[in-house]
Asks: 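Got a structure for you, questions after.
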Amino acid sequence: MIIKTKKLISSSEITPPEIFQERRKFIRMLGLTMVGANIPSAFASEDKISLANIFRNTALDNSLKSTPAELVQNYTNYYEFTFNKDDSTKLAQSMVIDPWSVEISGEVEKPQVYHLEDILSKQTLEERIYRFRCVEGWSMVVPWVGFSLSNLLKIAQPLSTAQFVKFTTIQQPETMPNQRDKKMLEFPYVEGLRIDEAMHPLTLLAVGMYGETLPKQNGAPLRLVVPWKYGFKSIKAIVKIELLKKPPLTTWNKSAPQEYGFYANVNPSVPHPRWSQNSERLLGSGFFTPRRQTELFNGYGEQIASLYQDMDLRHFF
Ligand SMILES: Nc1nc2c(c(=O)[nH]1)N[C@H]1C(S)=C(S)[C@@H](COP(=O)(O)O)O[C@H]1N2
Ligand SMILES: [Mo]
């Protein structure tokens, strides 16, 4: 498959000690145990856990320049809180995310509720720098930390009848004003993928960004990242994953099917009914910086275009 080469990041090479302390806390929080032996000794004395267990995926374009973290973490779409991109950041801080478990059910051999720590203890975390393109016409570049969704699904053992995957965000009306007031959208937020999209190695479950735990506003503790699709597919705060025979009804598709398709593959030649998708504003770029030309599949066509070879992409938005 496409993602093959994994190169160990040497933490001494990239991380100043003070940040390293933070990261070590992060790794400990995630309940990871050491897998590699390649631990820089200066940092390995206290406990045997280290950032050395995060691999950088060299099959991807690592020359991509990440958008500054402050921008990514203060400009968020989280409709359970509000549609205002600054306020969702503040409001999301009240979320309760510990303890956390994920139910995997439906067309699987082993339906089960998994504690997040148990999920993570079986995964090797990778850093993956992905472009992220929102349907609204802006984009960013984010160094996510996570693992392929397929690794988790395989543990639950999908049956041959599993054709689609449905994801559900937590229902927490105590902390989420729009769930309480039943405003904006129908909650809980639901997204879905076809099984082959879900099993594709690029499809990521993220638990971190910029080498640290995922901030609440960005979908902590566990979110989906599907880099070739518009951002609304990348559902936050996942508590349920169901394998289904039929496509699930998804939140945005249900609310405005003409505007938000089930597939929602990034495609510059299929305009949104209310705006062009031909270009995008890169988060943090200045007023006079020209917009970036949007790429088909957000630039990931080489890896995933074969999933859609039998589909007319003009119609299957
Ligand atoms: N549960 C949930 N997931 C969500 C959303 C949301 O409102 N609720 N917004 C989506 C949209 S429209 C985008 S663009 C991305 C934004 O991710 P970010 O806020 O981390 O940049 O999250 C997606 N996932
Ligand atoms: Mo979005």
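Both counts, for ligands and for their atoms, begin at 1 and track the order of listing. Residue numbers run from 1 in the order of the sequence given.
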Asks: Would you call the rings of Phe232 and Tyr230 parallel, tilted or perpendicular if under 30° counts as parallel and over 60° as perpendicular?
Replies: parallel
Asks: Have a look at Lys236, Met140, Met209, Arg133 and point out the one with the heavy atom closest to atom 21 (O) of ligand 1.
Replies: Met140
Asks: Side chains of Trp144 and Tyr210 only: does a donor on one sit below 3.5 Å from an acceptor on the other?
Replies: no
Asks: Tell me whether Lys85 is salt-bridged to Glu136, with the criterion being a basic N under 4.0 Å from an acidic carboxylate O.
Replies: yes
Asks: What residue and heavy atom of the protein are closest to atom 9 (N) of ligand 1, and at what distance?
Replies: Asn77 O, 3.2 Å
Asks: Please write down residue, atom name and distance for the protein heavy atom closest to atom 24 (N) of ligand 1.
Replies: Ser234 O, 3.0 Å
Asks: In terms of atom number and element, which parts of ligand 1 are under 4.0 angstrom from non-hydrogen atoms of Cys134?
Replies: 14 (S)
Asks: Kindly indicate, with the supporting measurements, whether the criterion ring-ring contact (aromatic ring centres under 6.0 Å, His included) is fulfilled by Phe132 and Trp228.
Replies: CA-CA 8 Å; Phe132 186 99; Trp228 69 94; over 10 Å; no
Asks: Any N or O of Thr169 that comes nearer than 3.5 Å to an N or O of ligand 1?
Replies: yes
Asks: Using a heavy-atom cut-off of under 4.0 Å, does the side chain or the backbone of Lys233 touch ligand 1, or both, or neither?
Replies: neither
Asks: Above 12 or not: heavy atoms from other molecules or residues under 6.0 Å from CD of Gln293?
Replies: yes
Asks: Side chain, backbone, both or neither: which part of Thr76 comes within less than 4.0 Å of ligand 1 when only heavy atoms are counted?
Replies: both
Asks: Using a 4.0 Å heavy-atom cut-off, which part of Tyr230 comes near ligand 1: side chain, backbone, both, or neither?
Replies: neither
Asks: Do the numbers put Lys236 on top of the ring of Tyr78, so that NZ or CZ is under 6.0 Å from the six-membered ring centre and no more than 45° off the axis?
Replies: yes
Asks: Below 4.0 Å, non-hydrogen atoms only: which portion of Glu191 touches ligand 1? Side chain, backbone, both or neither.
Replies: neither
Asks: Evaluate Trp252 for polar contact with ligand 1, using N/O atom pairs at a separation under 3.5 Å.
Replies: no
Asks: Salt bridge or not between Lys229 and Glu197? Use side-chain N to carboxylate O under 4.0 Å.
Replies: yes
Asks: For atom 20 (O) of ligand 1, which of Met184, Gln217, Arg223 has the closest heavy atom?
Replies: Arg223
Asks: Classify the ring geometry between Phe262 and Phe164 as parallel (under 30°), tilted (30 to 60°) or perpendicular (over 60°).
Replies: perpendicular
Asks: Judged on heavy-atom distance to atom 8 (N) of ligand 1, which of Glu80, Gln73, Glu136 sits nearest?
Replies: Glu80
Asks: Give me the nearest non-hydrogen protein atom to atom 7 (O) of ligand 1 as residue plus atom name, then the distance to 0.1 Å.
Replies: Tyr79 N, 2.7 Å
Asks: Taking non-hydrogen atoms only, is Tyr189 closer than 4.0 angstrom to ligand 1 via side chain, backbone, both or neither?
Replies: side chain
Asks: Could you tell me whether Arg274 and Glu259 have a side-chain N and a carboxylate O separated by less than 4.0 Å?
Replies: yes
